[in-house]
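Chain A is the first sequence line, chain B the second, and so forth, proteins listed ahead of strands; every chain is numbered from 1. Only this structure's heavy atoms are used, side chains among them; waters, hydrogens and symmetry mates stay out.
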Number of protein chains: 2
Amino acid sequence: MRRDVFQAIADPTRRDIIGLIAHRSLNLNAVTGHFDISRPAISKHIKILTQCGLLTIRQKGRDRICEANFKKLNEVSDWVEQYRTFWTNKLDALCDFLDEEATGNKSNQELQK
Amino acid sequence: MRRDVFQAIADPTRRDIIGLIAHRSLNLNAVTGHFDISRPAISKHIKILTQCGLLTIRQKGRDRICEANFKKLNEVSDWVEQYRTFWTNKLDALCDFLDEEATGNKSNQELQK
DNA sequence: TATATTTGCAACCATACGGTTAAATATTCA
DNA sequence: TGAATATTTAACCGTATGGTTGCAAATATA
């Protein structure tokens with residue numbers, strides 16, 4: 001089964017887990033305390049996050065401490081940022097123009113809505 | 001069912017579609033030509049991308065021209081970038097230190113691997 | 001008008017996902 | 001050693017996902 005960062009952060013619970021342990025590592029039980037779902041459910045989310053490298057687990061006695069590994073987010077950042085110029089700067093206008101050229105012209109108005 | 005940008009870009013085919021129409025808007029048939037899956041499969045991907053606002057469709061005769069709407073990627077960018085300091089600069093060391101404090105100290109070596 | 005082209009839609013299928021409960025395992029503590 | 005705690009694993013369930021084929025509908029073209 002596919003297991004990559006994009007798929008891992010697709011689930012809102014998993015994004016919340018990352019946000020939770022960002023500043024403070026927690027054991028699985030403590031993580032579970034912040035959600036309304038069962039411990040095994042959290043355990044599965046943690047496993048997915050671990051498999052894609054977004055999270056590492058440090059065993060400490062019977063506890064398993066979850067720590068975020070943010071370097072992995074670079075993959076997402078890189079993918080998104082390659083398109084940044086398309087939505088932030090003046091290239092927008094150029095893009096629209098090129099689209100007109102490519103697809104054979106039409107009123108631009110419906111693009112606004 | 002949940003329909004948000006994170007879930008939309010989780011699928012590699014959909015990320016490829018976005019990359020494909022980034023510089024040049026295409027009709028659905030042309031998009032399909034770049035993949036090994038059927039037209040209805042592409043149509044479904046396009047629908048998902050449209051529902052979450054990453055893509056708009058402009059009808060032109062019998063063609064439906066797909067255009068990327070990159071502004072929606074801001075949502076992803078914002079989420080990722082809030083963690084950037086955690087993996088790019090000196091705060092890494094501070095974070096590790098705080099983890100030690102919080103979880104009760106242990107060799108830092110296994111964090112490196 | 002007849003035909004080809006582009007697309008949508010319905011029905012279907014196998015598998016993945018996100019969740020549950022219950023039992024098993026491992027560690028700590030009295 | 002026995003009990004409590006933390007977590008994983010297994011079995012299961014309903015629904016979503018990503019794909020298919022076949023057919024209908026709308027538009028363009030000969």
Side-chain angles (χ1 to χ4, degrees), chain A residues 1-21 24-52 54-67 102-106 110, chain B residues 1-21 24-52 54-67 102-106 110:
Chain A
M1 89 205 65
R2 183 165 41 87
R3 193 63 80 210
D4 60 84
V5 186
F6 288 93
Q7 194 249 345
I9 66 170
D11 185 87
T13 303
R14 286 197 287 270
R15 288 199 300 280
D16 287 347
I17 290 175
I18 291 173
L20 200 60
I21 63 174
R24 197 189 208 294
S25 299
L26 294 172
N27 69 354
L28 199 141
N29 229 19
V31 172
T32 305
H34 287 81
F35 298 91
D36 285 336
I37 57 179
S38 68
R39 205 176 300 107
I42 295 289
S43 191
K44 284 183 185 178
H45 283 308
I46 299 276
K47 185 173 224 167
I48 289 170
L49 289 168
T50 306
Q51 284 173 341
C52 80
L54 266 172
L55 198 138
T56 52
I57 291 185
R58 177 171 32 126
Q59 189 89 33
K60 176 152 176 288
R62 62 191 163 183
D63 292 356
R64 310 194 71 182
I65 314 289
C66 305
E67 316 183 316
T103 59
N105 203 43
K106 189 166 189 186
E110 61 246 68
Chain B
M1 88 205 66
R2 183 166 41 89
R3 193 64 79 209
D4 60 83
V5 187
F6 288 93
Q7 195 248 346
I9 65 170
D11 185 89
T13 303
R14 286 197 288 270
R15 289 199 300 280
D16 287 347
I17 290 175
I18 291 173
L20 198 61
I21 63 174
R24 196 188 209 296
S25 299
L26 295 171
N27 70 353
L28 201 142
N29 229 18
V31 172
T32 304
H34 287 81
F35 298 91
D36 284 336
I37 57 180
S38 68
R39 204 178 301 107
I42 294 290
S43 192
K44 284 182 185 181
H45 284 307
I46 299 276
K47 186 173 223 166
I48 288 170
L49 289 168
T50 306
Q51 285 172 340
C52 79
L54 267 171
L55 198 139
T56 53
I57 292 186
R58 179 170 32 123
Q59 189 88 33
K60 176 153 176 287
R62 62 188 164 183
D63 292 355
R64 312 193 72 184
I65 314 288
C66 305
E67 317 183 313
T103 60
N105 202 43
K106 188 166 189 186
E110 60 246 69

Worksheet item: Under 4.0 Å between a side-chain N or O of B/His45 and OP1 or OP2 of D/dG19?
Response: yes

Worksheet item: Does a distance-only test, which skips hydrogens and angles, find a donor-acceptor pair under 3.5 Å between the side chain of B/Arg62 and the base of C/dT5?
Response: yes

Worksheet, complete the sentence: note: B/Ile65, atom CD1; C/dT7, atom C1'; distance rounded to Å ~ 12 Å

Worksheet item: In whole angstroms, how far is the P atom of D/dA6 from the CD1 atom of A/Ile42?
Response: 15 Å

Fill in: Atom-pair distance (CZ on B/Arg64; C1' on C/dC9), nearest Å
12 Å

Fill in: Under 4.0 angstrom between B/Gln7 side-chain N/O and D/dT17 OP1 or OP2
yes

Discussion item. Can you measure B/Arg39 atom CZ to C/dG8 atom C1' for me and round it to whole angstrom units?
Written reply: 11 Å

Worksheet item: If only atom types and distance count, is the side chain of B/Thr50 paired as donor or acceptor with the main-chain N or O of B/Ile46 below 3.5 Å?
Response: yes

Worksheet item: Of all the choices, D/dG19, D/dT7, D/dT21, which nucleotide is nearest to the side chain of B/Pro40 once you look at every atom?
Response: D/dT21

Practice prompt. Would you classify B/Ser43 as touching base, sugar-phosphate or nothing, given that sugar-phosphate means primed atoms plus P, OP1 and OP2, and contacts are heavy atoms under 4.0 Å?
Written response: sugar-phosphate

Discussion item. Tell me if a side-chain donor or acceptor on A/Arg15 pairs with a main-chain N or O of A/Ile9 at a distance below 3.5 Å.
Written reply: yes

Worksheet, complete the sentence: Residue pair B/Leu28/A/Asp11 against DNA chain C: nearer the 5' end by closest nucleotide is B/Leu28

Worksheet item: Can you check the A/Ile46 CD1 to D/dA6 C1' distance for me, whole Å?
Response: 13 Å

Worksheet, complete the sentence: Assign each of A/Lys44 and B/Lys44 the nucleotide of DNA chain D bearing its closest heavy atom; nearer the 5' end lies the nucleotide of A/Lys44

Worksheet item: Under 3.5 Å, side chain of A/Asp63 to main-chain N/O of A/Ile65, donor-acceptor pair present?
Response: no

Item to complete: Grab the CG-P distance between B/Asn27 and C/dG8 for me, whole Å please.
Response: 10 Å

Item to complete: Let me know, please, whether A/Asn29 or B/Asp36 comes out on the 5' side of the other along DNA chain D by nearest nucleotide.
Response: A/Asn29

Fill in: Min side-chain heavy-atom separation A/Arg64-A/Ile57 under 4.5 Å
yes

Worksheet item: Within less than 4.0 Å of OP1 or OP2 of C/dT20, is there a side-chain N or O belonging to A/Ser38?
Response: yes

Discussion item. Are B/His34 and B/Asp16 packed together at the side-chain level, in the sense that at least one heavy-atom pair is separated by less than 4.5 angstrom?
Written reply: no

Practice prompt. Mind calculating the distance between NZ (A/Lys60) and C1' (D/dT7) to the nearest angstrom?
Written response: 15 Å

Worksheet item: Base, sugar-phosphate, or nothing for A/Lys47, non-hydrogen atoms under 4.0 angstrom?
Response: sugar-phosphate

Practice prompt. Would you mind reading off the distance between B/Ile48 atom CD1 and D/dT17 atom C1', rounded to a whole angstrom?
Written response: 8 Å

